[in-house]
Trainee: 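Here it is, the structure in full.
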Amino acid sequence: MKRWEAYPRGARGTIARSRLRRRIRRILVLRHQGRKPSGDVPRKGINIEVRRGKIVRRVHAEHVTPMPEVFCLDENYEEVIGFLSGLRDAISRSFAGASDKDIGSTRKRRRVVASRPHFKNYVAFETMKRITPSAALILASEYDRARDIFKMPLHVVNYSQWQPDVKDTLSDLGFLDLFGIKLGHTHERHRKDILKFRTGQRISEDDVVFVIEALLGMLDRRDDDAAIEQKDELATRAYKALVEAMENVRLHAYPALPGGIQVDDFVPRWWMTGAFEAATGELTVVLYDQGISIPVSLPRWPGWSSIRPIFARAFGKPFEAAIETIDSGFDDAAIYAATRMGRSSTRMSHRGKGLPTMREVIGACVSGRLRIVSRRGDVTFETGKRPVRRLHTTPLCGTLIEWVVRL
Amino acid sequence: MLLRTINVASDFSRTPGGRYREDSDNSGQRFREDVLVPALNHEPKFDRVVIELDGVFGYPSSFLEEAFGGLIREEGFRSADLIQKIEFKAKSPRFNTDAYRARQYILDADRVR
């Protein structure tokens, strides 16, 4: 601040009133946070660097939640999903108080959060050594959802200490765009090309076409008829599968609550990305939603009543009872049943034909894998192999569909 | 013979989408209401409506079912009339299955009516 003599006489009163208002505002904010205006800020904890866009601040943090070192659903499923289950609460707590209506307008709320000299909790991205596209998509969806609900700018912590490969993966995915951070690649191009994630509420044919064309464009440029025909076949099957998957999200993942009840933290969207790994020639496409999950929605699917007896015979009476009571002990069987439903219910209902289409994608490839994870269930279909069903301990919030194919 | 040819890719969209207008821009409902029904109800009546399937990215099953099964369910057509009047053409073998499925959806919709 300048000395008084630097201001013209007529302006001093205005400046003094402005400074007094700022001081009063700061006292009110600190009182609301339960702290004394004298600057009695708790100094326990550690120093961290907080970054939002180009703004970097140094603050104190009291509690650190480290991220899993290997953020991969194949190699480290339980730890990753366990972490993601707690992440939503952790993000909500970081905005705690800022969305309180007592504080007033959005501008005031932003100033409250921006003015905090310390963080109670923060998630330590620097402990993560490796992250895969599927896991990164779920992570991005949680922060995207928070941005939608709280309408507040997001921040990253200790960004300078993140692993370069993790930074590159999250940057390519578009995760850092959520924080207003632009990154040139930190070191030699990492192994995977990853597309920026797409998200929406309705079926987006253009986004599906973009992902498919971008990925097929990364394959080697053989232009003989057989190669072109193979790519076209894969493109057609992938297009149909992705549109059907989006339709399933629209129809089943976020059912309307009775009486038109609105839920504050309800973000009825899908998130999608794709990746290409040059070393193996593998294409990956992932679609994720944060909905009620396939096992919970299954009784509402058209044609379920006609197919239920078939699966009750296959899996026994406990399966039928579990579906009715939304018991998660048969989630893997429920997903498998859902993938068979379209085939079986053709004559009984004009709807419910989507999930079998997803398996057709892997039929167009030399090798392919379709994995559907929903709540505790995990079913994998692989070319030339029998389906593998797994029941996990920790439930995934929503449904993840992942195709990994090689032409 | 009075013939009407509908090329889905150029007369509607290269990216057929979901089932209903509220879910998707290029929905089966929109194709049925804005393209198919006007062709089928045209005066003077067309003897044949040829639907060319090539040139699109793909036909999701819900699109086909709503477009063609919906002719029976929503528009009140009879399957015998539609099977006789509608002809599907596909140069690429990729779309032959879709032609078969569209015909099946017409027959299935009539069966459950």
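Remember, predicted model here, so these are calculated numbers, not experimental data. Worth knowing before you read on, the calculation uses all heavy atoms, side chains too, and leaves out hydrogens, waters and symmetry mates. A note on names: the letters A, B, ... follow the listed sequences, proteins ahead of strands, and every chain is numbered from 1.
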Trainee: Rounded to the nearest 0.5 Å, what separates atom OG in A/S204 from atom CG in B/N26?
Mentor: 10.0 Å
Trainee: Would you mind writing out the side-chain donor-acceptor pairs for residues 91-99 of chain B within the sub-3.5 Å range, not counting sequence neighbours?
Mentor:
unit_1: B/S92; atom_1: OG; unit_2: B/R94; atom_2: N; d: 3.3
unit_1: B/R94; atom_1: NH1; unit_2: A/T236; atom_2: OG1; d: 2.4
unit_1: B/D98; atom_1: OD1; unit_2: B/R101; atom_2: NH2; d: 2.5

Trainee: Does the side chain of B/S61 come within less than 4.5 Å of A/K240's, by heavy atoms?
Mentor: no
Trainee: Which one of A/D206, A/I212, A/V209, A/L242 has the most heavy-atom pairs closer than 4.5 Å to chain B?
Mentor: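 Option with the top pair count is A/V209.
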Trainee: How would you list, by chain and number, every residue that makes a salt bridge (Lys or Arg N to Asp or Glu O under 4.0 Å) with B/E87, sequence neighbours excluded?
Mentor: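 So B/E87 forms a salt bridge (Lys or Arg N to Asp or Glu O under 4.0 Å) with B/R48.
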Trainee: Of all the heavy-atom pairs spanning B/F57 and A/E213, show the shortest one and how long it is.
Mentor: CZ-OE2, 3.3 Å
Trainee: From A/I203 CD1 over to B/R19 CZ, what is the distance, rounded to the nearest 0.5 angstrom?
Mentor: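 Output value for this atom pair is 10.0 Å.
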Trainee: Taking non-hydrogen atoms and a cut-off under 4.5 angstrom, which of residues 9-17 of chain B neighbour chain A?
Mentor: B/T15, B/P16, B/G17
Trainee: Quick one: closest heavy-atom pair of B/G18 and A/E205, and the distance?
Mentor: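 Smallest heavy-atom distance, with atoms named: N-OE2, 4.4 Å.
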Trainee: Above 12 or not: heavy atoms from other molecules or residues under 6.0 Å from CD of A/Q201?
Mentor: yes
Trainee: Backbone N or O of B/R21 within a donor-acceptor pair of the A/R202 side chain at under 3.5 Å?
Mentor: yes
Trainee: Can you list the residues that meet the side chain to side chain donor-acceptor pair (under 3.5 Å) rule with B/E43, with sequence neighbours excluded?
Mentor: B/K45
